[in-house]
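Here the structure is laid out as C-alpha coordinates; the discussion comes afterwards.
Just the heavy atoms: all of them, side chains too, but no hydrogens, waters or symmetry mates, feed the values below. We count ligands from 1, going down the list as the structure has it; atoms in each ligand are counted the same way.
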Amino acid sequence: ESTTTQEPQLVSEVNQLDILSAVGYSLKREVPKKDLNRDDITALQHWVILLSKCLPARLPFKTFLRNMDRALNEVQDSQRMLTTTDYMEMLRKSQESADFALIEDQWVSCAGSKSWYRGFPCGLWTTFHTLTVNCAARDLSRISGLNVLIGIRGFVTRFFGCVHCREHFAKMAKYIRSEVQTHDDGILWLWEGHNKVNARLQKDASTDPVHPKIQFPPPSMCRECRSSTTPEDTIKTGTGKEETKWNKPVLLHFLREHYSPDNIRVKERS
Ligand code: FAD
(Lines give C-alpha, C1' and ligand atoms only; values in the text may rest on other atoms or scores of the structure.)
Protein backbone atom coordinates (compact mmCIF):
# COMPACT_ATOMS: atom_id res chain seq x y z
CA GLU A 1 0.00 0.00 0.00
CA SER A 2 1.23 3.49 -0.80
CA THR A 3 2.24 5.63 2.17
CA THR A 4 2.41 8.95 0.30
CA THR A 5 0.26 11.73 1.74
CA GLN A 6 -2.59 12.58 -0.59
CA GLU A 7 -5.01 15.48 -0.71
CA PRO A 8 -8.37 14.63 0.90
CA GLN A 9 -10.76 13.11 -1.62
CA LEU A 10 -13.34 15.88 -1.41
CA VAL A 11 -16.09 15.28 -3.91
CA SER A 12 -19.51 16.90 -3.95
CA GLU A 13 -22.60 16.00 -5.94
CA VAL A 14 -25.38 18.24 -7.13
CA ASN A 15 -28.71 16.87 -5.93
CA GLN A 16 -32.15 17.95 -7.09
CA LEU A 17 -33.61 17.67 -3.58
CA ASP A 18 -31.17 20.34 -2.34
CA ILE A 19 -32.28 22.68 -5.13
CA LEU A 20 -35.99 22.03 -4.57
CA SER A 21 -35.58 22.44 -0.80
CA ALA A 22 -33.72 25.73 -1.25
CA VAL A 23 -36.41 27.04 -3.60
CA GLY A 24 -39.14 25.92 -1.19
CA TYR A 25 -37.34 27.43 1.81
CA SER A 26 -36.76 30.67 -0.08
CA LEU A 27 -40.44 31.04 -1.00
CA LYS A 28 -42.02 29.68 2.21
CA ARG A 29 -39.66 31.04 4.87
CA GLU A 30 -37.56 33.91 3.54
CA VAL A 31 -39.93 35.91 1.34
CA PRO A 32 -42.86 36.13 3.82
CA LYS A 33 -40.77 37.70 6.59
CA LYS A 34 -42.21 41.13 5.68
CA ASP A 35 -44.94 42.77 3.59
CA LEU A 36 -43.65 43.32 0.07
CA ASN A 37 -43.38 46.75 -1.57
CA ARG A 38 -43.24 47.22 -5.35
CA ASP A 39 -39.45 46.80 -5.58
CA ASP A 40 -39.62 43.62 -3.47
CA ILE A 41 -42.35 42.28 -5.77
CA THR A 42 -40.23 43.07 -8.86
CA ALA A 43 -37.24 41.24 -7.31
CA LEU A 44 -39.44 38.29 -6.37
CA GLN A 45 -40.88 38.11 -9.87
CA HIS A 46 -37.37 38.17 -11.36
CA TRP A 47 -36.42 35.26 -9.02
CA VAL A 48 -39.53 33.26 -9.99
CA ILE A 49 -38.90 33.83 -13.72
CA LEU A 50 -35.26 32.70 -13.39
CA LEU A 51 -36.36 29.52 -11.63
CA SER A 52 -39.13 28.89 -14.12
CA LYS A 53 -37.06 29.41 -17.26
CA CYS A 54 -33.69 28.02 -16.25
CA LEU A 55 -34.06 25.24 -13.67
CA PRO A 56 -34.25 21.76 -15.11
CA ALA A 57 -37.47 20.56 -13.42
CA ARG A 58 -40.69 18.63 -13.91
CA LEU A 59 -43.93 20.06 -15.25
CA PRO A 60 -45.89 20.56 -11.96
CA PHE A 61 -43.03 22.65 -10.57
CA LYS A 62 -42.91 24.74 -13.74
CA THR A 63 -46.70 25.16 -13.67
CA PHE A 64 -46.50 26.32 -10.04
CA LEU A 65 -43.85 28.93 -10.96
CA ARG A 66 -45.91 30.16 -13.91
CA ASN A 67 -48.93 30.51 -11.59
CA MET A 68 -46.81 32.57 -9.20
CA ASP A 69 -45.55 34.76 -12.05
CA ARG A 70 -49.12 35.43 -13.25
CA ALA A 71 -50.36 36.22 -9.74
CA LEU A 72 -47.43 38.58 -9.12
CA ASN A 73 -48.17 40.33 -12.42
CA GLU A 74 -51.71 41.01 -11.23
CA VAL A 75 -50.42 42.54 -8.01
CA GLN A 76 -47.96 44.72 -9.99
CA ASP A 77 -50.80 45.89 -12.24
CA SER A 78 -52.95 46.80 -9.25
CA GLN A 79 -50.04 48.86 -7.83
CA ARG A 80 -50.57 47.66 -4.29
CA MET A 81 -48.34 46.24 -1.57
CA LEU A 82 -48.45 42.51 -0.97
CA THR A 83 -49.05 41.64 2.66
CA THR A 84 -47.57 38.49 4.15
CA THR A 85 -51.07 37.01 4.48
CA ASP A 86 -51.92 37.69 0.82
CA TYR A 87 -48.55 36.34 -0.28
CA MET A 88 -49.04 33.09 1.67
CA GLU A 89 -52.48 32.71 0.06
CA MET A 90 -50.94 33.28 -3.39
CA LEU A 91 -48.33 30.64 -2.64
CA ARG A 92 -50.97 28.17 -1.45
CA LYS A 93 -53.24 28.66 -4.48
CA SER A 94 -50.32 28.49 -6.95
CA GLN A 95 -49.27 25.13 -5.51
CA GLU A 96 -52.81 23.78 -5.31
CA SER A 97 -53.74 24.56 -8.90
CA ALA A 98 -50.46 23.02 -10.14
CA ASP A 99 -51.00 19.94 -7.99
CA PHE A 100 -47.57 20.58 -6.54
CA ALA A 101 -46.20 20.90 -2.99
CA LEU A 102 -43.02 22.79 -2.14
CA ILE A 103 -40.52 20.99 0.07
CA GLU A 104 -38.17 22.92 2.32
CA ASP A 105 -35.77 20.75 4.31
CA GLN A 106 -34.81 17.58 2.47
CA TRP A 107 -31.06 18.12 2.31
CA VAL A 108 -28.92 15.45 0.66
CA SER A 109 -25.56 16.79 -0.58
CA CYS A 110 -26.22 19.85 1.61
CA ALA A 111 -26.89 17.83 4.78
CA GLY A 112 -24.56 18.89 7.62
CA SER A 113 -22.87 16.62 10.13
CA LYS A 114 -25.03 18.40 12.75
CA SER A 115 -28.48 19.91 12.21
CA TRP A 116 -27.20 23.50 12.52
CA TYR A 117 -24.61 23.18 9.73
CA ARG A 118 -25.20 23.71 5.98
CA GLY A 119 -28.78 23.20 4.69
CA PHE A 120 -30.39 26.31 3.18
CA PRO A 121 -27.31 28.48 2.40
CA CYS A 122 -25.65 25.48 0.74
CA GLY A 123 -28.82 24.75 -1.26
CA LEU A 124 -29.04 28.40 -2.26
CA TRP A 125 -25.48 28.49 -3.64
CA THR A 126 -26.20 25.22 -5.47
CA THR A 127 -29.35 26.76 -6.98
CA PHE A 128 -27.49 29.95 -8.00
CA HIS A 129 -24.71 28.02 -9.78
CA THR A 130 -27.28 25.78 -11.48
CA LEU A 131 -29.11 28.91 -12.69
CA THR A 132 -25.99 30.56 -14.15
CA VAL A 133 -25.13 27.37 -16.03
CA ASN A 134 -28.63 26.45 -17.19
CA CYS A 135 -29.77 29.92 -18.26
CA ALA A 136 -26.69 29.81 -20.50
CA ALA A 137 -27.55 26.39 -21.87
CA ARG A 138 -31.17 27.24 -22.55
CA ASP A 139 -31.04 29.76 -25.36
CA LEU A 140 -34.81 30.01 -25.28
CA SER A 141 -34.66 31.55 -21.81
CA ARG A 142 -33.66 34.85 -23.48
CA ILE A 143 -32.17 35.92 -20.20
CA SER A 144 -28.73 37.52 -20.52
CA GLY A 145 -25.76 36.54 -18.34
CA LEU A 146 -26.05 39.91 -16.59
CA ASN A 147 -29.77 39.48 -15.93
CA VAL A 148 -29.20 36.10 -14.28
CA LEU A 149 -26.86 37.77 -11.79
CA ILE A 150 -29.14 40.76 -11.29
CA GLY A 151 -31.94 38.29 -10.40
CA ILE A 152 -29.66 36.45 -7.96
CA ARG A 153 -28.47 39.72 -6.41
CA GLY A 154 -32.08 40.92 -6.08
CA PHE A 155 -33.06 37.78 -4.20
CA VAL A 156 -30.03 37.93 -1.87
CA THR A 157 -30.26 41.62 -1.04
CA ARG A 158 -34.05 41.71 -0.52
CA PHE A 159 -34.86 38.30 0.96
CA PHE A 160 -31.83 36.37 2.24
CA GLY A 161 -32.29 36.26 6.03
CA CYS A 162 -28.54 36.20 6.83
CA VAL A 163 -27.88 39.92 7.18
CA HIS A 164 -24.07 39.93 7.07
CA CYS A 165 -24.14 37.52 4.06
CA ARG A 166 -26.46 39.95 2.32
CA GLU A 167 -24.22 42.91 3.02
CA HIS A 168 -21.06 41.11 1.88
CA PHE A 169 -22.77 39.93 -1.28
CA ALA A 170 -24.20 43.38 -2.08
CA LYS A 171 -20.71 44.87 -1.76
CA MET A 172 -19.17 42.16 -3.93
CA ALA A 173 -21.91 42.51 -6.58
CA LYS A 174 -21.93 46.30 -6.71
CA TYR A 175 -20.20 46.46 -10.11
CA ILE A 176 -21.72 43.44 -11.87
CA ARG A 177 -23.10 45.68 -14.64
CA SER A 178 -19.56 46.42 -15.81
CA GLU A 179 -18.09 43.04 -14.84
CA VAL A 180 -20.62 40.68 -16.47
CA GLN A 181 -21.91 40.61 -20.01
CA THR A 182 -21.95 37.04 -21.30
CA HIS A 183 -23.21 33.86 -19.63
CA ASP A 184 -19.60 32.68 -19.30
CA ASP A 185 -18.79 35.90 -17.39
CA GLY A 186 -21.76 35.19 -15.09
CA ILE A 187 -20.77 31.56 -14.41
CA LEU A 188 -17.20 32.60 -13.59
CA TRP A 189 -18.22 35.68 -11.58
CA LEU A 190 -20.38 33.57 -9.26
CA TRP A 191 -17.73 30.85 -8.95
CA GLU A 192 -15.11 33.46 -8.03
CA GLY A 193 -17.43 35.24 -5.58
CA HIS A 194 -18.30 31.96 -3.87
CA ASN A 195 -14.60 31.09 -3.56
CA LYS A 196 -13.97 34.49 -1.92
CA VAL A 197 -16.65 33.63 0.66
CA ASN A 198 -15.11 30.15 1.10
CA ALA A 199 -11.70 31.72 1.77
CA ARG A 200 -13.17 34.16 4.29
CA LEU A 201 -15.02 31.39 6.16
CA GLN A 202 -12.26 28.77 6.12
CA LYS A 203 -11.62 29.06 9.86
CA ASP A 204 -15.07 30.33 10.85
CA ALA A 205 -16.97 28.54 13.62
CA SER A 206 -20.03 28.27 11.35
CA THR A 207 -18.14 25.89 9.02
CA ASP A 208 -19.01 22.21 9.32
CA PRO A 209 -15.72 20.46 10.27
CA VAL A 210 -16.71 17.46 8.16
CA HIS A 211 -17.14 19.76 5.12
CA PRO A 212 -14.19 22.17 5.19
CA LYS A 213 -14.34 25.32 3.07
CA ILE A 214 -12.02 24.85 0.11
CA GLN A 215 -11.15 26.61 -3.10
CA PHE A 216 -13.59 24.87 -5.43
CA PRO A 217 -13.24 22.61 -7.32
CA PRO A 218 -10.62 20.64 -5.34
CA PRO A 219 -8.06 18.70 -7.41
CA SER A 220 -9.95 15.51 -6.52
CA MET A 221 -12.86 16.81 -8.63
CA CYS A 222 -10.91 18.55 -11.39
CA ARG A 223 -7.15 18.35 -11.38
CA GLU A 224 -6.84 20.10 -14.76
CA CYS A 225 -8.84 23.11 -13.52
CA ARG A 226 -5.68 24.32 -11.77
CA SER A 227 -2.72 25.46 -13.81
CA SER A 228 -0.50 23.10 -11.82
CA THR A 229 -1.03 20.78 -8.86
CA THR A 230 2.40 21.08 -7.26
CA PRO A 231 2.92 23.30 -4.19
CA GLU A 232 3.90 26.05 -6.68
CA ASP A 233 0.23 25.89 -7.59
CA THR A 234 -0.19 29.06 -5.58
CA ILE A 235 1.19 32.49 -6.38
CA LYS A 236 1.80 35.41 -4.09
CA THR A 237 -0.44 38.36 -4.76
CA GLY A 238 0.39 42.01 -4.14
CA THR A 239 -1.18 41.75 -0.69
CA GLY A 240 1.06 38.82 0.27
CA LYS A 241 -1.90 36.40 0.20
CA GLU A 242 -1.58 33.15 -1.71
CA GLU A 243 -3.95 32.46 -4.56
CA THR A 244 -4.64 29.37 -6.62
CA LYS A 245 -3.82 29.64 -10.33
CA TRP A 246 -6.75 28.48 -12.44
CA ASN A 247 -7.00 27.25 -16.00
CA LYS A 248 -10.14 29.23 -16.86
CA PRO A 249 -11.22 27.42 -20.08
CA VAL A 250 -11.00 24.01 -18.35
CA LEU A 251 -12.67 25.38 -15.23
CA LEU A 252 -15.56 26.82 -17.25
CA HIS A 253 -16.05 23.47 -18.97
CA PHE A 254 -16.03 21.74 -15.57
CA LEU A 255 -18.63 24.13 -14.07
CA ARG A 256 -20.89 23.75 -17.12
CA GLU A 257 -20.74 19.96 -16.75
CA HIS A 258 -20.98 19.87 -12.95
CA TYR A 259 -24.16 21.99 -12.82
CA SER A 260 -25.72 20.54 -16.00
CA PRO A 261 -29.07 18.66 -15.88
CA ASP A 262 -27.26 15.40 -16.73
CA ASN A 263 -25.16 15.70 -13.58
CA ILE A 264 -27.98 16.61 -11.17
CA ARG A 265 -28.79 13.56 -9.08
CA VAL A 266 -32.47 12.80 -8.68
CA LYS A 267 -31.74 10.45 -5.80
CA GLU A 268 -34.15 10.18 -2.85
CA ARG A 269 -32.88 11.03 0.61
CA SER A 270 -31.66 7.91 2.44
P1 FAD B 1 -21.31 26.15 0.56
O2 FAD B 1 -20.25 27.20 0.59
O3 FAD B 1 -22.69 26.56 0.91
O4 FAD B 1 -21.30 25.50 -0.89
C5 FAD B 1 -22.28 24.58 -1.33
C6 FAD B 1 -21.68 23.68 -2.38
O7 FAD B 1 -21.34 24.47 -3.52
C8 FAD B 1 -20.36 23.01 -1.98
O9 FAD B 1 -20.62 21.82 -1.28
C10 FAD B 1 -19.71 22.76 -3.32
O11 FAD B 1 -20.19 21.57 -3.89
C12 FAD B 1 -20.18 23.92 -4.17
N13 FAD B 1 -19.20 25.00 -4.27
C14 FAD B 1 -18.39 25.48 -3.29
N15 FAD B 1 -17.68 26.51 -3.76
C16 FAD B 1 -18.02 26.68 -5.05
C17 FAD B 1 -17.61 27.59 -6.06
N18 FAD B 1 -16.68 28.51 -5.84
N19 FAD B 1 -18.17 27.49 -7.28
C20 FAD B 1 -19.10 26.54 -7.54
N21 FAD B 1 -19.53 25.65 -6.62
C22 FAD B 1 -19.00 25.73 -5.39
N23 FAD B 1 -21.75 32.84 5.57
C24 FAD B 1 -21.04 33.68 6.38
O25 FAD B 1 -20.74 33.31 7.52
N26 FAD B 1 -20.65 34.92 5.94
C27 FAD B 1 -21.00 35.40 4.70
O28 FAD B 1 -20.66 36.53 4.33
C29 FAD B 1 -21.78 34.55 3.85
N30 FAD B 1 -22.19 34.99 2.64
C31 FAD B 1 -23.02 34.20 1.88
C32 FAD B 1 -23.52 34.70 0.66
C33 FAD B 1 -24.41 33.93 -0.07
C34 FAD B 1 -24.96 34.49 -1.36
C35 FAD B 1 -24.80 32.64 0.37
C36 FAD B 1 -25.78 31.82 -0.42
C37 FAD B 1 -24.29 32.13 1.56
C38 FAD B 1 -23.40 32.91 2.33
N39 FAD B 1 -22.90 32.43 3.53
C40 FAD B 1 -22.13 33.25 4.33
C41 FAD B 1 -23.07 31.02 3.91
C42 FAD B 1 -21.84 30.19 3.48
O43 FAD B 1 -21.31 30.65 2.24
C44 FAD B 1 -22.17 28.72 3.29
O45 FAD B 1 -23.25 28.58 2.40
C46 FAD B 1 -22.51 27.99 4.56
O47 FAD B 1 -21.46 28.19 5.50
C48 FAD B 1 -22.67 26.46 4.30
O49 FAD B 1 -21.46 26.01 3.72
P50 FAD B 1 -21.28 24.62 2.99
O51 FAD B 1 -20.12 23.90 3.57
O52 FAD B 1 -22.57 23.88 3.00
O53 FAD B 1 -20.87 24.95 1.47
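- With sequence neighbours left out, H253 forms a side-chain hydrogen bond (donor to acceptor under 3.5 Å, both in side chains) with no residue at all.
- Looking at residues two or more places apart in sequence or on another chain, you find a ring pair (Phe, Tyr, Trp, His ring centres under 6.0 Å) between H258 and F216, F254.
- Under a 4.0 Å N-O distance rule, the pair R158/D40 qualifies as a salt bridge.
- Under 4.0 Å from any atom of ligand 1, one finds heavy atoms of residues S12, R118, P121, C122, W125, H129, F160, H164, C165, H168, F169, W191, H194, N195, V197, N198, R200, L201, H211, K213, F216, Y259.
- In this structure the side chain of Q215 reaches within 4.5 angstrom of the side chain of R226, judged on heavy atoms.
- Legend: side chain to side chain donor-acceptor pair (under 3.5 Å) pairs involving residues 91-101, not counting sequence neighbours, sorted by first then second residue: N67-S97, E89-R92, R92-E96.
- Between F128 and F155, the ring planes lie perpendicular to each other; the angle is over 60°, past the 30° to 60° tilted range.
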